[in-house]
2 protein chains.
Amino acid sequence: MPHADKPYQLHDQVGFRMRQANQRHLTIFARYIPHLTPMQFAALSKLDELGAVSQNDLGRQTAMDAATMKGVIDRLARKGFVATEADPSDQRRLLVRLTEAGKDIYAAAVPPARAITEETLGPLTAREQARFLQLLAKLAL
Amino acid sequence: MPHADKPYQLHDQVGFRMRQANQRHLTIFARYIPHLTPMQFAALSKLDELGAVSQNDLGRQTAMDAATMKGVIDRLARKGFVATEADPSDQRRLLVRLTEAGKDIYAAAVPPARAITEETLGPLTAREQARFLQLLAKLAL
DNA sequence: ATCTTTTCATTCGTATGCAAACGATTTTCC
DNA sequence: GGAAAATCGTTTGCATACGAATGAAAAGAT
């Protein structure tokens, strides 16, 4: 006799639940930092940490596709938060760096960003939060 | 004396890790079910479960915005997997239901979908998998 | 030193994802 | 029953996402 086939319930699948958890996170993000998208913030954060990097490199650091990265950088440049220049040592590379305005915006966004993380994990106890982050790390790319 | 400010590390934030875990999941999904997107599959799954539902209702069931849902349904209709009709009892509503082709495609997609869930959670032990799903449920919308 | 392979940035096409505004309908409430 | 509020589907605009193709430049191999 075959095992009773468990019904396939969309709501119980990892993918669906991860999507919902992420949706909630994005809503919280938009409330704390309305003027930046999560991707724009991620780019600013890495640029602040690394200084001048090539566009593709920044994409790798922030887990963004090259095509996606270009769009993000274009929009950040339009807002005046980043500046680009050709890499003298490699004519293919486009170096990206923070402007002064970009540094200021990022510095001002870090405290709200901490609050976003805190509120996103709010439904969990401290122990659960730590465990969740550990499990996520195992499931990351 | 103020507490030593922990540096803000993008890679340690929930949002960033959730995004990466989700990226990996989407890659796995595309490998197992190349002809359907996760959203299209979710819509088919709910339609299979619920029968005929209004477009907005389906959006709620699958955690999709009304504008997003319309796009998904349009594409599924174009492929011949769903059919739409006006709701006789409410002229505003657009009833959506699976076609025969839609039912077949969905039925054929369920086994790979189970494999997707399994592979996505693969890096975790059975105990960790259960815990992860529980924690996700607490963080869902 | 040339030939091959990579890498880099860009572009195109398709698919989410959501806010906001819209007209058309229902529902609600007095 | 009629005005006000809510719901439904649609459209527009903006911002990811990513595969695939392209041209230019650099790296590697022989």
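Hydrogens, waters and symmetry mates play no part in the numbers below; they use all other heavy atoms, side chains included. Below, chains carry the letters A, B, ... as their sequence lines are ordered, and counting in each starts from 1.
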Do the side chains of [X] and [Y] get close enough for a salt bridge, i.e. N-O under 4.0 angstrom?
X	Y	result
A/D74	A/K70	yes
B/E49	B/K46	yes
B/D12	B/R17	yes

Original post:
If you fit an axis to the five pairs at each end of the helix from C/dA1-D/dT30 to C/dC30-D/dG1, how big is the angle between those two axes, to 10 degrees?
Top reply: 30°
Original post:
Where the side chain of A/R60 meets the backbone of A/A66, is there a donor-acceptor pair that is under 3.5 Å apart?
Top reply: no
Subject >> Donor-acceptor contact below 3.5 Å, side chain A/Q55 vs main chain A/I73 >> reply: no
Subject >> Atom pair CD (B/Q129) and OG1 (B/T125), whose distance is rounded to the nearest 0.5 Å >> reply: 7.0 Å
Original post:
Regarding A/N56 and A/S54, is there a side-chain donor-to-acceptor distance under 3.5 Å anywhere?
Top reply: no
Original post:
Does one side chain, of A/Y8 or B/S45, offer a donor that lies under 3.5 Å from an acceptor on the other?
Top reply: no
Between [atom2] of [N] and [atom1] of [X], the distance in whole Å:
X	N	atom1	atom2	value
B/Q40	C/dT14	CD	C1'	10 Å
B/Q23	D/dC18	CD	C1'	10 Å
A/R31	C/dC18	CZ	P	15 Å
B/M39	D/dC18	CE	P	13 Å
A/F16	C/dG17	CZ	C1'	14 Å

Subject >> Nearest to side-chain heavy atoms of B/R92, which nucleotide of D/dC8, D/dG9, D/dA26 >> reply: D/dC8
Original post:
A/N56 has a side chain; which of C/dA9, D/dC18, D/dG9 sits nearest to it?
Top reply: C/dA9
**OP:** Could you give me the CA-CA distance, side-chain angles and deciding distance for A/K103 and A/E100, then say whether salt bridge (charged side-chain N to carboxylate O under 4.0 Å, His left out) is met?
**Re:** CA-CA 5 Å; A/K103 286 177 191 169; A/E100 287 307 313; 3.4 Å; yes
Original post:
Contacts to DNA chain D from residues 62-76 of chain A, heavy-atom cutoff under 4.0 Å, which residues?
Top reply: A/D65, A/A67, A/T68, A/V72, A/R75
Subject >> First encountered from the 5' end of DNA chain C, between B/R78 and A/Q55 >> reply: A/Q55
Original post:
If you pin A/L94 and B/K79 to their nearest nucleotides in DNA chain C, which one's is more 5'?
Top reply: A/L94
